[in-house]
Structures are given as structure tokens and as C-alpha cells.
Amino acid sequence: MSDSEEHHFESKADAGASKTYPQQAGTIRKNGYVVIKNRPCKVVEVSTSKTGKHGHAKCHFVAIDIFNGKKLEDIVPSSHNCDVPHVNRTEYQLIDISEDGFVSLLTENGNTKDDLKLPTDDSLLGQIKAGFAEGKDLVVTVMSAMGEEQICALKDVGPK
Amino acid sequence: MQGFPGGAPDPQQLQATMLAIEQACSLIQVHMNPSEAEKVISSLHSSLMPYQACRFILETSHVPNARFQAAGAIGDAAVREWGILSDDNKRSLIAYCLNYVMEHASSPEGYVQAKVSAVAARLLKRGWVDFPDQEKSAIFFEVEHSIRGIHGPNRQFAAINFVEALVSEFSPATASAMGLPKEFHEQCEWTLEVKFMKDFYCWAQAAVFNAADSILSGNASIDEEKACSAAFRLMFQILSWSFKYNVEHANSETKIDSGLRSDAINLKKFERSLVKPGSMWSDILISSGHTTWVLNFYTTARQKYSYDPLWFDSPIAASCRQLIVQLCSLAGSVFPNDSGDAHINHLMHILSAVVLWIEPPDVIASSIRNGASESEFLDGCHALLSIASFTTSLLFDNLLKSIRHYGTINLLSALTSEAVKSFVDNQNEEETWGSDALDISLEIWNVILGDFDADKSPMSVDGAIAASNLFKIIVESHLKAAADSAFEDTDDAEYFHVSVSKRDEQLALYAQIARSAADTTIPFLAQLFSERFARLSQTNGENDPTQTLEELYWLLLITSHVLTDSGEGETLLIPEALQAGFPNVVEVAQHPVVTLSWSIINFSRQCLDPGIRARYFSPRLMEAVIWFLARWVATYLVPLDVSRGQVSRAEIDNVDKHGFQHSRKVLNSFAWENNQGELVLDFVVLISMVALTTYQGENELQTLICQKLLATVVRRKHTCTFIVQLDSWRDLTRAFASGRSLFSLSGRLQRSLAETLACAASCIKDPEASVQYLKDLMGPVAGCLVENASRSDLKSVAQKADVVFMVCCLLERLRGAARATQPRTQKVLFEMGHTVMNSLLTLLEVYKNQSAVIYMILKFVVDFVDGQAVFLDSNETSVLVNFCLRLLQIYSSHNIGKVMLSLSSSLRNELQAEKYKDLRALLRLLTNICSKDLVGFLSDSSIEGSQDIAEVIYVGLDIVTPLISLDLLKYPKLSRDYFALVSHLLEVYPEKVANLNNDAFARIIGSLEFGLCNQDSDVVERCLTAVNALASYHFKERLGGRGGLSSQLMESEGSNGTLQESISSHFLRLMLQLLLFEDFRMELAGSAADALLPLLLCEHGLYQGLVQELLEKQQNPTVKSRLAMAFHNLTNSNNLSSLLDRPNRQRFRKNLRAFLGDISGFMQIK
């Protein structure tokens, strides 16, 4: 590998094969993502300390599970690697909300995606349902990481 | 009682009121339904003529809280109803309160008595100007008698309490509100100070005097002691009064010769104001021997009660000591004009008594450790600090010599060492007596050593020895503490930073002590270092070196402080004390500073050896080494020409002191000799590389490298020109540009490293080489971003965590480089920015859901525009402006109308916070684009470009304003940015505002109104600028016969429903309200004048009407005429014309300042 090629994105063609990527703990910042106890989390607090004054630094993460909102904590030596989840967000046009709480979404290539449930929380549910009932053109953002999916944002794109 | 206000009382009703109040009070105490209870109580305060009811409660209720409330209600009601009370009423209310206090003087509920006293004082002040003098004298006649003890100790105490309340009521800081103008309060303050204060003091003196005998003989009753300590407290309170109406002596030269300081000392940590009562007080404070009497009283008493350890904290002891410390601060014309003898005598007297409190320090310290009270010791330290702030170090030292065979500095040294020992022993506890005593005593050293006349009165030999011994004790105690704590875990980072700045402050004060005896302390430090270096090299992996490492860590910190100043933002000089401290050293190799420096640097060099590094260069030790290096390089690698220049100039001044000058020269030039300087710089680069690559994840250390060490060498031109020529530097830049190793740094560090490396380009002399250097440095970074953004499979890989991380790193680097923009490097950096523009837009699209990346793109553009704006020509500007426009459009299309959904409230808050940060970045970007420089450059080129700018800003504003609510504007940072933008906008494009639609216009005007009432004077100033711009535009348009803003504005105001008026009249009303009735800050007067003038010119008719209305509202004829005069002068003096040119604005500024000064006395009400 020549010097100039070294900055290239490392990802190979088999995108999606791995669900996480190792990253040095010291470089993970507040608002970044990290895997704790096999759950994808968003970091809300990082603090550092040392083991004995002349030992090495440790990072103390406080993070929140991006799907279920539970708080998790972890302590990692800052030179070690942490797993960082690949967090993907995809936008779909909302076509329909079915009786049993599933949504029907229009994918980019024209197919529909029907395997996603509406959020269980009442207020979120209310926001989606109300918007849909008013006949607005809604685009939902679906967040996916480590094999889980959830609707995470909603945008009104019309009617123009 | 005759004249008591209120009609004949109805007993049943009184009883009912009392019951209601009593019940409410007891409910509040158990915290049941407090709002309801408060309502009942406040109804009493606000009811009409509640005096009979209050009196009834005061006299009959058994609930002390109810009596307390009743007293308060009398005060509130009387101040409110003052106008309708007859003279008899007022007098009898005051008399009633005073009598009440006297009659119930023995009541156990002190706070009720204090409240009634305070009410009496408040009412007396309210009537102060109206009451004839003999009436006041009658009141004070009674008070004086009681204070002198004629009616027994209880009444004595009550009367003293009343005078205390009176003094605090008349002092502006503690006065209660009365709804009267400032002038009234000032007048009261004046008469009390000039006519009464001294009498009060004499009465208190008499009270103490009378009680002294029985206290000293041990026969005093508790009540007598209570009255006596109250009298001491009153004397202290009177001496704390800020005396204003006295005449000072002219400063005489003789006084300075005597050893008293003429400069005002600013104490860092302790509030200490001089007490300057003026010559009128000379007789009772100085010539009557009052101070001596107080000192003798205390000394005798403490001897008498020495068997009782509790006595030292008793009220009488504490208040007497407080008075003594306050007497130390006496200054000014209270002393006769006699070249300072009387003042020095005064200080000496106090010192001779106070010395008993602090001497011998070791004995006292050990008794405190065994549980004795520390308050006397601490008060003694305070007294010493006061004395030190008046004297030169020589006089300070000599003060004690008349009664001891050693000087004051010796005593101070012993005292400080005890404080250090105790502080070090209890380092983990907060607020111990040791740390208090240490703070005070270090401050005393600071005052003595920071004496600006130090050249004239150098430290005596004994003094230097004392300082040197003290420094040894300091170092030894701290080294011991360091070794003991070496195995503790370090604290959480945030707490750590706070304690670091406190520690640095303390170390700097220690260092000052060390420098005052540099000839012994520096060799001492050198010896300590060499012992520890030797110990380390002997450990062969068997012994744990941790304790030695921690000792070295502390030694490196203190040595940095001794050898260098922290000099935030200044050019560092070699400390004067070190330059002057070694007059006898002629050989470079023997100069202690030189040998100490090289021994530390040579030791540090060993970290380049991987084996040794692994063995004992722990991250923490490296931090100290880096920190030391940064400060050392900044101080001792003196620019060659400067060092030569300095020496030659000095040589002319002092030809005779040859040796002295030689040692200065040695110190200024040793670092560059024999190529040492270059070697050190090479080492700086090598150690940086090592620390950045082999200490993975040690953020603290790497931050020091990037932001302290490298930034220091690059910021100084003379070191930077050397460093860019080094091979090691080339290796570092190459590793950064095209290696992988530095990608392990955190994003923030990537940014500062890029900034530092790019900054160095401006120190490469050859312009082409400089350009090439930057291209080599940043070209690969920009290229990589472009190449990857144009990949065909970007969409499928972009969201992967590693790719996101890489993109963030690249963006951080670009941003760092953009921040390093300088005239010489601007072109190259603009090209760099130009090449990535399209890629950035692509990434903005791809990462629209990755807020971290979006934020970084925005921040890069903000810094890029900020750096480039002033340099660009019209073509480049239009490129940049078009880019920003597209950026804003894309951002807006992604974000308008988006709702974030999340189960977790904290995640939702985080998302909100991210949006808020985006918003701030966008505001910054718009402000940067809008900055006048850019517009100024464009005005001479095509008109197209400037339209572009206006368009960008309006698109931006369209995105931003709907997202900003008035609630968000309460966040200071956001509101500052927002108002900065709006005021820019209105200044530069007022005509665009006229064409805004109603919604947008109303939003801007609404936010301006909000901003004018803001607490932050920056924000108010910006709003005033904006109003000025708007009104000036309107005025000029109308002058030119056009409509200006009037058409637009009528409509928008109409929706308000209240008034159909133009925007200029609207703001005119608002401005007058602001200037006349609110607490307007004088520093804003200039911008207020600028805003008011065009408003006046636009709406002259309305202005006249408003002024008329205001004048008619005034009841008081003198106020009315003064106000009319002030208004008249505002618009008519200084030949004010009706133009908006600069001279006229200046005149109006002057007028408004005078106007505000005039009216502040009677319009501002307290």
C-alpha cells in the first residue's frame, strides 16, 4: 500500500458484513456511539481518570441505549479499542398505517417495507398518527443498528 | 399613646386579626399550605392603617413570629402611607417602636427586638429630612442615655442595637427601599456621617469603657457582656462605613521615605478597604489613645480568661478582635500630617499586641491541632496582612524588631511553615484552618515581595534567610505528601481542572518566595532533582519507582514556576529576581539557573529511549516534562537581538556594576550557545512525536503537546523559523499529511495539531517554499476528502462507523488549517477550501442524519469564512457566497419541519442541544459573511456580488429565525450571536428590511424589544445599534422624500391592537421609558444617544407630546422644573442641529450624558 492510499476508507465491498467497528476509547466523544453490553448506545458523558497517579488513563462512559433509552455505563482503558456500532438512518415515504400497528413504507427502488412497527410510546404514536390523519406527506427516518430498527424522526414534506 | 394612628380599636376585631396572623405564622413554620398563609400575612402588610392591630399583636401575642410580622407590617404600611400620616402620627410610631424595644429589652426573642429596632430606624430615616433637629436630638438624647448604661445592661443592649440598625439603614448598600429618589438617600447618608457618626462611636466607646472593669474582674453579668460585645460590634460597623465627606492630606514625599506605601494594594483574595474617616476623627481614634486602650483591654482579658478555651470564640472576644483588625486599616488624614510617624506608631502598637496571638507559631499550631480555637490565630494573620499592605518590606520587617531580636519577616516565615505543614497534612479535607492561614500568609508574602519599590528596599539578609528556610520547609512537606499520595487514583477530570488552577496559583506564590532567595533555593532544587534522577537510574525494574515519579512531578511543577512566569498572552521575560539574583556568578557553567535547566532537559531526553521510557516515563511524568519544556522554551530561548539589546542598554545605565551585568547577560544568552537552542527545539519536536504516537489515548498529555508545547514554539517567530528547518519537523508534517499513526488522536487534537502545523508556514522565509509546505501538508487531506466523496459506492459505505470517524478527522484537520489563515497563507488555504466545496455539499447530503458530521461541516465553513473574508476579491467572494448559499439551502431542506422522535427524554434533549449548536454555527456563519469587511471590498466591484451576499443572509435568516424562539434567546450565547447578526444586518442592509414580509419583520422587531430589556449590556448595545440603523435609514429616506419604513410599519403595529403608530414612534416611547425609569447603565449612554437622535428627528411632534405628558405627571414643583430644564438642555444645548452627521451625533452624545447625570438623582427611585 502506498503512502497516498492510506487515507482511503477502509470498508470493502461487502458493506454491512460487520455491525461494529473498533475505535480507540480515547477518541470517542460525547454524542458519539459506542457498544456497551452488546447494545448500541449514544454517549452522553465521558470522564477520564487514572489507575494510580502514574498509571494509564481510563475512560468512563455514560451512554444511553439508542433503542430502548436505558442508561448504561462502562470503563475502558483509553488506549484500548471500543466497539462502535454502525448506525444507519434511512428515509422512507410513509404510505399507510395498518390496524395492527405496523407501518407501510415506500423504499427508494419502489418496493414497500412492511415489517416495522409503530413506536409504542403514546406521544410519538400520536404525532405520527395525527400527521398521517391530516393527510400530510410524511417522511419517516428509520434508524438501524446491530440488526434492530426503529423510527426516529418525522418530517412533513408537503403538500406543496 | 398620644397621636398613635388609626381610629378607636374594636377589641373583638383586634383579637380576630391576631388569631388569624398567629395561625398563619404557625402554619408557615410547619410548612403547611404556605401560599395561603403568606397571603394572610401580606394582607396585614398592605391593609389600610393596620397600626392598631399590629400594636395589639406586639403587646399581647405569645407567638414571636406574629410579633415579628406585625412589626414588619408597621414599617411597610407607614412608609406607604407616609403622606397621609400626621406629624404626630409619625412621631408616635417611632416613639412607640423605641419604647417597645426598651421595655421588652430582656425578651428572649432577639429577632423580634431587632426587627422592631429596624422598623424604628427605617421610619426615622423616612422622616429624616422633615423632622426638625430638636426632635431628632430628643430621640438621640434618650438613646445616648441608654447606651451609656444608665438604664441597665438590657436597655443598653437594645439602644446599641437600634443604632446598629440605623447605621445599616443609612448605608447605601444595606438601605431598604422607600420609593424615594437617590438624592434623598444621599442626603441622609451625608448628615448621618457628618453630624452623628462620631457621637455614636463615642457612646459605644463609653459603653465598653464602663463595662470593662467588671468584665476584667470577672464580675460581669451575662447581660453586661452581651451589651459590651454589641458595643464592640457597633464600633466595628461604624469603622466599616465608607466615609465620603472628608478631606485628605496632599500626598507628601516624606511619607514615602518613612517606609509607608503610597500605592493602593490590590489584594487578590481578600477584601480589604481602607478606613479613611478623615481628620475629624483624629481626636477620638488616635490622640486619645483609643487603640491602645482596646488592645490593652483585649490583652488583659485574654490573660484573665486563658484558662477557658471557649472564651476565644465568645462574642466579646471575637467582636473585639474584629475591631482591632479593622483599626489596622485606618488610613488617611485621621493621622496627623507628620511624615507618617503617627501611622507607623499606630501599626507598631497593634503589632505588639497581635503578636501574642500568633507567636510562637509552632506552639499555637500544635495546640490548635489538639482542639484549641483557631480564630485568634487567623485574626492575627489578617491583622498582619493589613499591616503589610501599608508598609514596604523593610518597614514591615523592622516593626517587630523594636520588641524582639528578629524581624517580622522571620515571624511570618515561621507562621507560614506551620500553615504549610497543616495544609499538607489535611490536603483532602476542605476549608481547614491550615488552608485559610496558608492563603492569608501567602498573600502577605505576595504583598511584601510584589512591592513595586522593591529595588529601593531590597529584602534584608535575615529576610532572605527566612524566605529560604521557609521554601525548604514548603518543598520538603510537599515532597513528603507527594510520595505518600503516589498510589492514590486521580480524580475525575472536571474537578481536577478546578483544583489545578488553584494549585497553580499557590505554586506561583511559593515560587515568589523561592525567587526572593534565589541564590540558595535554586541550588537546593538542583540537588533534589539530582538525588531523584540517581534514585531512578538505580532502580532496575525491582523497586517500584512510583513514589519518586510523583516527587519528580511535583518538583517539575514548582521548578517551572520558579524559573518562569505564566504570562498568559504576554511576551515572557526571564524573571527579574533571577536576573538580579546572582551578581557574583560569571561563568556560564556555574550559574545555578543554567545548571538546573540543563539537568532537567538532559533527564527528559532519556524518554526518547524506548526502554527507559517504558520503565519510568509515565504519562503523568511526561505531562510535567512537556509543561516544563513549554514554559522554559518560551522564557529562555530569548530572541537573540532582544537579549543583546537589553544587555547593552543596561550596561550604559550601570557601568560600575560589571559583574552584576555579566550575570544578566549570561542568563539571557546561555540557551542559544553552542547550538544548544537548536538541539532543544529538535528535542521538542521529537518528544512531541513520541508522545503523540506512543502514549495512545492519553488525552491530557496529547492536549499539552498540541495546545501548549507546539503552539508555544510556533507562535514565537524566532523559535518557529528555526523549527521549520529541522528534519524532525519535516518528519512530523509528513506523518501528519500522509501517515496513519496520527489518526489515533481525538478530533479536537487533530484540529489543533493541524492549526499549529499550518501556522508554521508563515515563518518560512521563501514565499514559494511556504506555499509548497502548506500544499504538502494539507493537499493530501483535502484530496482524500474529495476522492472519497466522489466514490460511486459512497452511499453504501458512508454510514459505517469507521468511515464516519475518518470523515470527521479530515474535517477537523481542514478546520484547524482554516483557523490558521494568515495574510501569507490565505491564497493556498482558499484553494484548499475551494477544492473541497463540492465534496462538502455531497457530504452534507449524505450525512444529513449524522448530526455530528453536519455540525463539523458547518463549523469548518464558519471558520473558513471568518479567516478568508477580509482577503477575498470579488470573484473569490462570489464563489464563496454561492457555496454558502447552496449549503444553507441544503441544510434548510433537511431540517425545516423535522420532528425528532425518541423514547428517552435525555436523548431527545441531546438532539435539541445538537440543533441549538447547529443554529449557533449558522448564525456565526451569517455574521461572518455579513461582516463589513466583505461588503467594503465589494462596493468597488460588480453590483451582482453584493446582491448575492444579501440573498445569502436572507435565506439564512429565513432558516434560522423560525427556529429561534424568544425562549431560546434567553440563552446568553445564542442571544449574543443572534443580536450581533441582526444589528449587522440592519446596519448594512436597512433597505432589505423594509421589504421583508410582515411575519419576518414582526419577528425581528419583537426580538429587538426583547433585547433592549436584556440584562447583558452587550446585547442591549447591539439592539441600540440596530435601532439606530433602522431609524437613521428611515430618517434619511424621508428626508429624500421617500416613504422609508413607514408603510411597512403601520401595518405590523396595527396587529398589536393598541396603537396605530410607526416603528420610529414605537421605539421612541420604548427608549424614553428605558432612559427615564429603568436602571439604565451609563456605559450604554453613547449608543443610546446614537439610537435616540434619529428617533427624535423622525418623530419630533410625538417627542414633544411625551415630554409634556411626563412633566404634567410630576407632582413636585422642584422636580418638575428640574426635569423640564434637563429636557430643554437635551435638545437645545451645544448647538444641536437636525442632521445625522458625526459632529451632531457627538454633540448629542454629550447632551444625553449630561441629561442622564442630571436626572439620575431624582428619577431613579429606591
Side-chain angles (χ1 to χ4, degrees), chain A residues 3-4 6-11 13 15-16 20-21 23-27 29 31-33 42 44 47-57 59-60 64-71 77-80 84-89 91 119 121 124 127-128 141 143 151-157, chain B residues 485-494 545-546 549-550 553 618-621 695-700 738-740 744-748 780-781 783-784 787-788 791 793 796-797 799-803 805-806 810 848-852 894 897-907 910 914:
Chain A
D3 255 6
S4 65
E6 285 202 283
H7 283 326
H8 277 227
F9 300 161
E10 292 286 283
S11 303
T20 61
Y21 165 77
Q23 187 181 331
Q24 190 198 90
T27 64
R29 286 205 266 183
N31 288 333
Y33 294 104
K42 183 166 188 164
V44 290
S47 54
T48 54
S49 56
K50 280 183 178 151
T51 331
K53 284 187 175 169
H54 291 269
H56 292 283
C59 294
H60 179 198
I64 292 173
D65 189 320
I66 55 175
F67 291 115
N68 64 23
K70 286 203 178 106
K71 192 175 179 185
S78 68
S79 59
H80 288 206
V84 177
H86 296 310
V87 181
N88 217 335
R89 291 190 184 77
E91 293 185 346
D121 184 81
L124 304 187
Q127 285 178 52
I128 298 179
T141 309
M143 171 172 69
I151 295 176
C152 72
L154 182 68
K155 203 166 99 177
D156 180 6
V157 292
Chain B
S485 70
F487 296 102
E488 289 168 13
D489 283 3
T490 54
D491 301 320
D492 177 45
E494 210 164 307
T546 307
L549 294 184
E550 185 59 18
Y553 177 81
S618 71
R620 184 172 161 93
L621 185 62
Y695 287 80
Q696 297 275 319
E698 298 292 340
N699 280 333
E700 290 285 331
S738 43
R740 274 208 80 76
S744 64
L745 298 180
S746 78
R748 202 163 40 88
V781 177
C784 178
E787 201 177 313
N788 286 303
R791 275 169 69 146
D793 60 344
S796 60
V797 298
Q799 307 298 332
K800 307 195 63 148
D802 50 340
V803 179
F805 178 68
M806 172 70 77
L810 295 173
K848 60 184 170 192
N849 288 313
Q850 292 280 6
S851 56
H894 292 159
K898 190 163 182 178
V899 184
M900 302 311 254
L901 306 172
S902 174
L903 269 179
S904 144
S905 63
S906 64
L907 276 188
E910 291 292 325
E914 281 167 12

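Just so it is clear: chains get the letters A, B, ... in the order the sequence lines come, proteins before strands, and each one is counted from 1. As the structure is a computational prediction, the values presented were derived from the model and not from experiment.
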ask   = Taking atom types as modelled and ignoring hydrogens, do the side chains of A/Lys53 and B/Thr546 form a donor-acceptor contact shorter than 3.5 angstrom?
value =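 Result is no, nothing qualifies.
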ask   = Would B/Gln799 and A/His86 count as having a side-chain donor-acceptor pair, cut-off 3.5 Å?
value =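 There is no such pair (donor and acceptor under 3.5 Å, judged by atom type) between the side chains of B/Gln799 and A/His86.
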ask   = Quick one: of A/Val44, A/Thr141, A/Ile64, A/Val84, who has the most non-hydrogen atom pairs under 4.5 Å with chain B?
value =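 That would be A/Ile64.
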Structural part of B/Ala486 lying under 4.5 Å from a heavy atom of chain A =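 For B/Ala486, the contact with chain A is made by the backbone alone.
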ask   = Where do B/Phe805 and A/Thr27 land on the side chain to side chain contact (heavy atoms under 4.5 Å, CB included) test, with the steps shown first?
value = CA-CA 9 Å; B/Phe805 178 68; A/Thr27 64; 3.9 Å; yes
ask   = If only atom types and distance count, is the side chain of B/Glu550 paired as donor or acceptor with the main-chain N or O of A/His54 below 3.5 Å?
value =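 No, because the side chain of B/Glu550 does not come within donor-acceptor range (under 3.5 Å) of the backbone of A/His54.
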ask   = Quick one: does B/Asn699's side chain have a donor or acceptor within less than 3.5 Å of a partner on A/Gly26's backbone?
value =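 Side chain of B/Asn699 to backbone of A/Gly26: a pair is present.
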message = What I'd like to find out is whether the side chain of A/Glu91 reaches to under 4.5 Å of the side chain of B/Asn849, using heavy atoms alone.
response =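 Sidechains of B/Asn849 and A/Glu91: in contact.
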In terms of heavy-atom proximity below 4.5 Å to chain B, should [X] be classed as side chain, backbone, both, or neither?
X	value
A/His80	neither
A/Arg89	both
A/Pro85	backbone

message = By the definition side-chain contact (heavy atoms from CB on, under 4.5 Å), identify the one residue from A/Pro77, A/Ser78, A/Ser79 that meets it with B/Gln696.
response =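 Among the candidates, only A/Ser79 passes.
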query = In terms of heavy-atom contacts, does NE2 of A/His56 have more than 12 from other residues, nucleotides or ligands at under 6.0 Å?
reply =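 Atom NE2 in A/His56 is not crowded, with 12 or fewer foreign heavy atoms closer than 6.0 Å.
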query = When you look at B/Glu698 and A/Lys50, which way does the side chain to side chain contact (heavy atoms under 4.5 Å, CB included) test go after all the steps?
reply = CA-CA 10 Å; B/Glu698 298 292 340; A/Lys50 280 183 178 151; 3.8 Å; yes
key: Exercise: identify the closest heavy-atom pair between B/Gly697 and A/Ala57   =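 Looks like O-CB, 4.2 Å.
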ask   = Do A/Lys42 and B/Glu914 sit within salt-bridge range, that is, some charged N less than 4.0 Å from a carboxylate O?
value =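 B/Glu914 and A/Lys42: salt-bridged.
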